[in-house]
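What you see below is based on every heavy atom in this structure, not just the backbone, and it leaves out hydrogens, waters and symmetry mates.
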Amino acid sequence: RLLRTNQPETDTPVIISPMEGEYFSSVGRLLERSNGCVYALVDHALERERAVTVFLPENAYVAEVMKCTAQGEQFAVELELIQYQDTAPV
C-alpha cells in the first residue's frame, strides 16, 4: 500500500540545514527540481543568501537560498545548488 501511494513527483522528502550559525533542520517536500535549482515547501523559514545543506533521497548537496516566502504555515524556498552535476545524458 505504501508503494502505491508514494508518488515520487509529489512525495519526495527534503531536509535543509544551515551550514553556519544556529543549527536546525527545515523539513518538507520537494515541489520541483530543474537543473541546478530546487523548489521545496518546508516548515521553517530560511535566510536568503545563506549556504545550506540540502538532503534529498539520492544525495546531499550544498546550496544557496535564493528565495523564501511564507505559504500559510509553511515556507516556499528556492535553492540554487552549488555542488551539482547533471546526470542527464549529453
Side-chain angles (χ1 to χ4, degrees):
R1 187 178 135 221
L2 180 60
L3 291 175
R4 271 199 322 261
T5 59
N6 184 17
Q7 300 171 3
E9 304 83 38
T10 58
D11 290 337
T12 304
V14 63
I15 300 170
I16 304 168
S17 298
M19 295 181 71
E20 297 176 345
E22 180 186 348
Y23 181 83
F24 65 91
S25 289
S26 191
V27 179
R29 296 279 175 216
L30 183 67
L31 297 176
E32 183 183 341
R33 186 170 174 184
S34 175
N35 298 322
C37 290
V38 171
Y39 304 90
L41 195 59
V42 295
D43 60 353
H44 290 286
L46 296 161
E47 286 180 49
R48 267 188 85 217
E49 299 180 4
R50 189 166 189 182
V52 295
T53 303
V54 182
F55 298 93
L56 294 170
E58 78 280 1
N59 210 340
Y61 301 91
V62 174
E64 181 179 346
V65 178
M66 304 307 287
K67 281 186 186 176
C68 183
T69 55
Q71 298 268 316
E73 293 184 14
Q74 294 183 309
F75 299 89
V77 292
E78 177 183 337
L79 308 168
E80 183 176 328
L81 300 180
I82 297 167
Q83 290 181 330
Y84 171 72
Q85 195 168 25
D86 192 358
T87 55
V90 177

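- When each of Leu41, Thr12, Val42 is tested with Leu30 by the rule side chain to side chain contact (heavy atoms under 4.5 Å, CB included), just one qualifies, namely Thr12.
- Side-chain contact between Cys68 and Arg48: absent, with no pair of heavy atoms (C-beta onward) separated by less than 4.5 Å.
- With hydrophobic clusters built from ILVMFWY side chains whose heavy atoms lie under 4.5 angstrom apart, Tyr61 shares a cluster with Val14.
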(Q) The test is side chain to side chain donor-acceptor pair (under 3.5 Å); show your working for Ser25 and Ser17 and say whether it passes. (A) CA-CA 5 Å; Ser25 289; Ser17 298; 3.0 Å; yes

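- The shortest heavy-atom contact between Phe75 and His44 is CD1-C, 3.6 Å.
- Using modelled atom types, one finds no donor on one side chain facing an acceptor on the other under 3.5 Å when comparing Glu20 with Tyr23.
- Side chains of Arg33 and Tyr39 form no contact here, defined as non-hydrogen atoms less than 4.5 Å apart.
- Side-chain contact between Phe24 and Leu46 is present, with heavy atoms from C-beta onward closer than 4.5 Å.
- The closest donor-acceptor contact from the side chain of Asp43 to the backbone of Gln74 lies at 3.5 Å or more, if one exists at all.
- A heavy-atom distance below 4.5 Å is found between the side chains of Met19 and Val62.
- How far CG of Leu79 is from SG of Cys37: 8.5 Å, rounded to the nearest 0.5 Å.
- Considering CD of Glu80 and CD of Glu78, their distance stands at 8.5 Å, rounded to 0.5 Å.
- Two different hydrophobic clusters hold Leu56 and Val27 under the rule that ILVMFWY side chains link at heavy-atom gaps under 4.5 Å.
- Taking all atoms of both residues into account, the shortest heavy-atom contact from Ala63 to Val54 is CB-CG2, 3.7 Å.
- Pairing each heavy atom of Arg50 with each of Gly21, the nearest pair is NH2-CA, 3.7 Å.
- When all heavy atoms of Glu32 and Ser34 are compared, the pair lying nearest together is OE2-CB, 4.0 Å.
- Side-chain contact check for Glu49 versus Glu64: some heavy-atom pair is nearer than 4.5 Å.
- You'll find the side chain of Ile16 stays beyond 4.5 Å of the side chain of Thr53, heavy atoms only.
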